[in-house]
Amino acid sequence: MSKKHEEVMELAKRRGFIWPSFEIYGGVAGFYDFGPLGALLKNKIIQKWREFYVVREGFFEIDSPSIVPEEVLKASGHVEHFVDAMVECQKCGAAFRVADLAREQAGKDIEGMPKEEMDRFFKKHKVRCPDCGGELGKIFDFNAMFRTAIGPGSQRVGYLRPETAQGIFIDFKRLQRHARGKLPFGVVQIGKGYRNEISPRQGIIRLREFTMAEAEVFFDPGDPHHPRFSELAGEQLRLWLAKDQEKGKEQLTEVTVEQAVKEKLVCNEFMAYYLALTKRFLLDLGIPNEVIRFREQTPGQRAHYSSETWDAEVSTERFGWVEIAGIAYRTDYDLSRHAQFSGEDLTIFSADKKRKVLCHVVEPSYGIDRPLYCALEHAYVQEKKRKYFRLKKDLAPIEVGVFPLLNRAGMPEKAREVYGNLKLKGFMAEYNDAGSIGRRYARADEIGVPYCVTIDYETLKQNDVTIRHRDTTKQIRVDIEKLPDVLKKLLNDEIEFDKAGKPIETTSK
RNA sequence: GCGGCAGUAGUCUAGCUUGGUUAUGACACGAGCUUGCCAAGCUCGCGACGCGGGUUCGAAUCCCGCCUGCCGCACCA
C-alpha cells in the first residue's frame, strides 16, 4: 500500500480537490466529484491543453452532444465492440463473448437477445467452456456503453458517448469546409466520456464518467508530412516497443522524434510529432521526464479502429505506469465507416487538387482526470514540518494568499483592500486572517498557493507588502502599486523571485 | 462479477472480544482573547457510530442484506 497515495488523497479530500460522488447516499464506485479547488485545477489543466492544441496547433474546437444515437456508434464499431454479453467459465475462469459461443456451438446469432433468454438458450443448447469444457456462469454485460432512450414512444436507442471523437467525424463535411478544404487540419473536443466499467477500483484513475480531450488530425494519406515536424524533430522520446514487450523485455528505446520516424519505429511524422507534443504537455503539468514513457500497444491490445497506437504513460507510486494519453493512427477507418453507413461522400480534394482522398486520421487522445492525479502526486512534497503540493504556478488553483500579519492596528482592513484590488485585477486570491500568520502560510502551502502577500506594520507606514515564496519560504518587499504587476510576472515566470523586490530577513521565534 | 478483510465527526482514532450512563482522545474548523513572520497559547463552540433490516428490555458492539473501500481473481475495447 502506497503511503504517498493515501496522503495525497487525504489532503485532496480534506481541502476540496476530490470527493467521492453521491457520498450521502453511500457513494457509487467509479464516480468522483471535483471540489472547489479540484474544479479550478481541472480547468487549468484543460486551459493548458487548449493552449497546446487550439492556440498553438491552431485546431478548431467543437462541442457536440454526449448522447449519441445508435447508428453513429454502429458505424464507428462501438456497438459491436462495446456492448458484448460475456460469460465466464466457472472452472477455468476464462471469459468469452456470448455471441461467439452461440454461433460456434449452436450455430445461431443471438446478438440483441435479452440476457434471461440467453441464459435459457445456453442451457437448452448445453453450451460449455470451449477451453476446458467446464460449466459456464451467469451471463453478464461487460464494459458496456451506458444505454439510454432518446425521446418517449418510439424510444430511439442512444448511448452516452464512449469517446468524444465521433462528434468530430460526424461533422467532417462542415469542418473541412470551415478549414477551406486545406489539409492537414485538426479538430478537438473536450468533454465527458462514459464507460460502464465492471468494477472500477483505482480511484480517480478508472472512472465511469471522465473528462477527455481529443484531437483528430486529418491529413492526406499520400502526403503524411507534418508541416511543423522540424520544430519537434529533435525532441527525445523514450519508447517501449511492442516487439520488446512481446519478448518480455522492459528495455526502453531512446531516440529523437526524427530518428523514430526514420527508423520506422513510429509509422509517420504525424504520430511522432504528437508523441513529442504529448511529452511537452506532460512536462508542462510538472510531471518529471523520468516518469514519462511511450508504450506501443501490441496488436492484441489495440482498439478496433487503430493500426498503430502509442500510450503516453506516467509512473505513479500507487498505480504503477498509468496511461495518460493515447496517440492512435485511426487511418481512414472512421470516415470510411461513416461514409458507408450514412451514404455521404466524405472524400475531399488533395492538396494538389488532383486527387479525391479519404483523409487519414492521427488522434492524440487525453484523459484529463488521470494527469490531474499524476500532477498532484508528483507535486506532493513532504518536508520536515510541512507537506504541500508544489504545483506548477500556472496550475495552482489559488494564485495568491493575502494575510494581515496581525489582527490589529488596521492591518486586516488594509489586507482586505489589497485583496480586493488583486481580485479586480483578475487574480485568484484568497484572504485569511484566522489563527496565526504561520498557520495561514501552512494552510496556503498545503493547497499549493505559490505566493502569499502579508500586510505588516511597515505596510501601514510605507505602503509596501511582503511576498512569500511557497517553495523557499523566502520573502521580498514590494510597493503596493507594483504588486499586481510583480505578481503577474512571478506567476508567468518572467522574473526571478529574488529580483522581484527587496529581499528581507524575517526574525522567527 | 467471485472470494477474503474493513467502515466511528473534516482527518486520524478509543470503545466492539464479554451488548448496558451523556461514545474517547488528538488534530483540523468557527468565535473571542492573545500574537512583530512560518500550524505558539488560553476560553468557548461545532461535529461521528456507512445505509437498511433483524435479535434483544436495551445494539457502535451480535446476525442478515446493500453500499463503499482495501487485498487476490477476472475485466480494463
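Protein chains get the first letters and strands the later ones, always in sequence-line order, with residue 1 at the start of each.
As rounded to the nearest Å, B/rC12 and B/rC2 have P atoms that lie 28 Å from one another. Taking atom C1' on both B/rA59 and B/rU21, the two are 15 Å apart, rounded to the nearest angstrom. Going from the P atom of B/rU61 to that of B/rG53 covers 14 Å, rounded to whole Å. A distance of about 15 Å separates the P atoms of B/rU35 and B/rG41, rounded to the whole Å. Straight-line distance between the P atoms of B/rU17 and B/rA74: roughly 38 Å, to the nearest whole Å. Taking atom P on both B/rA14 and B/rA9, the two are 12 Å apart, rounded to the nearest angstrom. Taking atom P in both B/rG52 and B/rC67, the straight-line distance is 15 Å, to the nearest Å. Here the separation of B/rG50 from B/rG15, taken at their P atoms, is 16 Å to the nearest Å.
Relative to the ring axis of A/W321, A/R293 places its NZ or CZ within 45° and under 6.0 Å from the centre. Judged by the 6.0 Å distance and 45° axis criteria, A/R386 is positioned over the aromatic ring of A/Y388. Relative to the ring axis of A/Y441, A/R468 places its NZ or CZ within 45° and under 6.0 Å from the centre.
The 5' end of RNA chain B is approached more closely, in terms of each residue's nearest nucleotide, by A/Y32 than by the other of A/Y32 and A/R370. Residue A/E10 is the one, among A/E10 and A/V28, whose nearest nucleotide of RNA chain B lies closer to the 5' end (criterion: closest heavy atom).
Between the P atom of B/rU68 and the CZ atom of A/F31 lies a distance of 10 Å, rounded to the nearest Å. In this entry the distance linking CG of A/N196 with P of B/rA77 reads 15 Å, nearest Å. Atom CG in A/L207 sits about 11 Å away from atom P in B/rG69, given to the nearest Å. At whole-Å resolution of the value, CZ in A/F210 and C1' in B/rC76 are 11 Å apart. If you take CZ of A/R208 and P of B/rU68, they are 8 Å apart, rounded to a whole angstrom. Whole-Å rounding puts the A/I24 CD1 to B/rG52 P distance at 12 Å. Nucleotide B/rC67 holds its P atom 17 Å from the OH atom of A/Y25, rounded to whole Å. Computed from coordinates, the A/Y194 OH to B/rA77 P distance equals 20 Å when rounded to whole Å.
Aromatic rings from A/F403 and A/Y431 are positioned such that their centres are separated by 6.0 Å or more. Aromatic ring centres of A/Y366 and A/W49: separated by under 6.0 Å.
On a pure distance criterion of 3.5 Å, a polar donor-acceptor pair joins the side chain of A/Q475 and the base of B/rC37.
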Using atom names, set out every protein N or O paired with an N or O of nucleotides 25-34 of chain B below 3.5 Å, distance rounded to 0.1 Å.
unit_1: B/rA28; atom_1: OP1; unit_2: A/R439; atom_2: NH1; d: 3.4
unit_1: B/rC29; atom_1: OP1; unit_2: A/R443; atom_2: NH1; d: 3.1
unit_1: B/rC29; atom_1: OP2; unit_2: A/R439; atom_2: NH1; d: 2.5

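Here the closest heavy-atom approach between residue A/I168 and residue A/V188 is recorded as CD1-C, 3.8 Å.
Take A/R337 and apply the salt bridge (Lys or Arg N to Asp or Glu O under 4.0 Å) test, not counting sequence neighbours, and it matches no residue.
Looking at heavy-atom distances under 4.0 Å, A/Q297 makes no contact with the nucleic acid at all. Within 4.0 Å (heavy atoms only), A/R206 reaches at least one base atom of the nucleic acid. Using a 4.0 Å heavy-atom cutoff across all strands shown, A/R468 reaches at least one base atom of the nucleic acid. Contacts of A/E23 with the nucleic acid, taken as non-hydrogen atoms under 4.0 Å apart, are absent.
Residue A/I327 forms a side-chain contact (heavy atoms from CB on, under 4.5 Å) with just one option from A/T309, A/V362, A/V217, and that option is A/V362.
Side-chain atoms of A/T298 and A/E246 form no donor-acceptor pair, as typed in the model, at a separation below 3.5 Å.
Counting only heavy atoms from C-beta on, A/R201 has its side chain closest to B/rG3 among B/rA39, B/rG3, B/rC37. Among B/rG36, B/rC76, B/rA39, the nucleotide with an atom closest to any side-chain atom of A/S436 is B/rA39. Looking at the side chain of A/A29, the nearest of the listed nucleotides B/rU68, B/rA40, B/rC37 is B/rU68.
A/E214 contributes a side-chain N or O that, together with a main-chain N or O of A/T164, makes up a donor-acceptor pair within less than 3.5 Å.
For RNA chain B, the stems formed by at least three consecutive Watson-Crick or G-U pairs, with both atom-pair distances below 3.5 Å, span B:1-7 with B:67-73, B:10-12 with B:25-27, B:29-33 with B:41-45, B:50-54 with B:62-66.
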Apply salt bridge (Lys or Arg N to Asp or Glu O under 4.0 Å) to the pair A/R477 and A/D464, showing each step before the final yes or no. CA-CA 6 Å; A/R477 284 205 90 84; A/D464 61 6; 2.9 Å; yes
